[in-house]
Amino acid sequence: MSGSDHLLCIGEPIWNAQKNHPFVVELADGSLDSDAFETWIRQDYRYLQDYARLWALAGTKARQEARMTALLGVAHTIL
């Protein structure tokens, strides 16, 4: 068994639990409570702001222009 197949095998219960989580199921079928959805959107927005900052910070540390461009491009895409 390859390394990636092994990881897929041992991770399958976690993957299935995520796919079958009530929040994910309700989001997918459109039955998620609007307050829960709004809370998720607000949290995700804050997370993405910090995630973009992380990529931008990495871009400021890059020594090569191409790498800087790529990292800052990711930050821009996230925003």
Side-chain angles (χ1 to χ4, degrees):
M1 175 181 292
S2 71
S4 60
D5 286 338
H6 174 69
L7 292 174
L8 286 171
C9 183
I10 65 173
E12 187 174 5
I14 296 169
W15 179 252
N16 288 332
Q18 291 174 345
K19 289 192 306 185
N20 296 315
H21 189 279
F23 181 91
V24 174
V25 171
E26 292 173 15
L27 179 63
D29 71 17
S31 66
L32 183 65
D33 178 72
S34 61
D35 289 338
F37 181 73
E38 184 177 337
T39 298
W40 174 63
I41 289 293
R42 289 178 187 275
Q43 289 175 342
D44 195 52
Y45 176 75
R46 292 179 66 180
Y47 165 79
L48 289 173
Q49 285 181 322
D50 286 340
Y51 194 51
R53 283 185 185 98
L54 175 72
W55 284 93
L57 182 60
T60 67
K61 305 264 184 208
R63 299 276 187 234
Q64 299 169 338
E65 184 178 348
R67 187 166 294 154
M68 183 187 307
T69 300
L71 292 166
L72 294 174
V74 172
H76 183 259
T77 299
I78 293 167
L79 291 172

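Along the sequence shown, residues are numbered consecutively beginning with 1.
With rounding to the nearest 0.5 angstrom, the CE atom of M68 is 12.0 Å from the NZ atom of K61. Rounded to the nearest 0.5 angstrom, L8 CG and M1 CE are separated by 9.5 Å. How far NZ of K19 is from CD of E12: 8.0 Å, rounded to the nearest 0.5 Å.
Note on L54 and V74: same hydrophobic cluster, where clusters join Ile, Leu, Val, Met, Phe, Trp and Tyr whose side-chain heavy atoms are under 4.5 Å apart, directly or indirectly. By the criterion of side-chain heavy atoms lying less than 4.5 angstrom apart, applied directly or through intervening Ile, Leu, Val, Met, Phe, Trp or Tyr residues, L48 is grouped together with W55 in one hydrophobic cluster. In the hydrophobic clustering of ILVMFWY residues, with side-chain heavy atoms under 4.5 Å counting as a link, L72 and Y51 come out apart.
Nearest heavy atoms, A75 versus A56: CB-N, 3.8 Å. Residues A62 and L71 come closest through the heavy atom pair CB-CD1, 4.2 Å. The minimum heavy-atom distance linking T60 with L57 is given by the pair OG1-O, 2.6 Å.
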Practice task
Would you please test T69 and E65 for side chain to side chain contact (heavy atoms under 4.5 Å, CB included) and show each step?
Solution key: CA-CA 6 Å; T69 300; E65 184 178 348; 4.2 Å; yes
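Among residues at least two apart or in separate chains, side-chain hydrogen bond (donor to acceptor under 3.5 Å, both in side chains) pairs with a member in residues 39-50 are E38-R42, Y45-Q49, D50-R53.
More than 12 heavy atoms of other shown residues, nucleotides or ligands fall within 6.0 angstrom of atom CD1 in I41.
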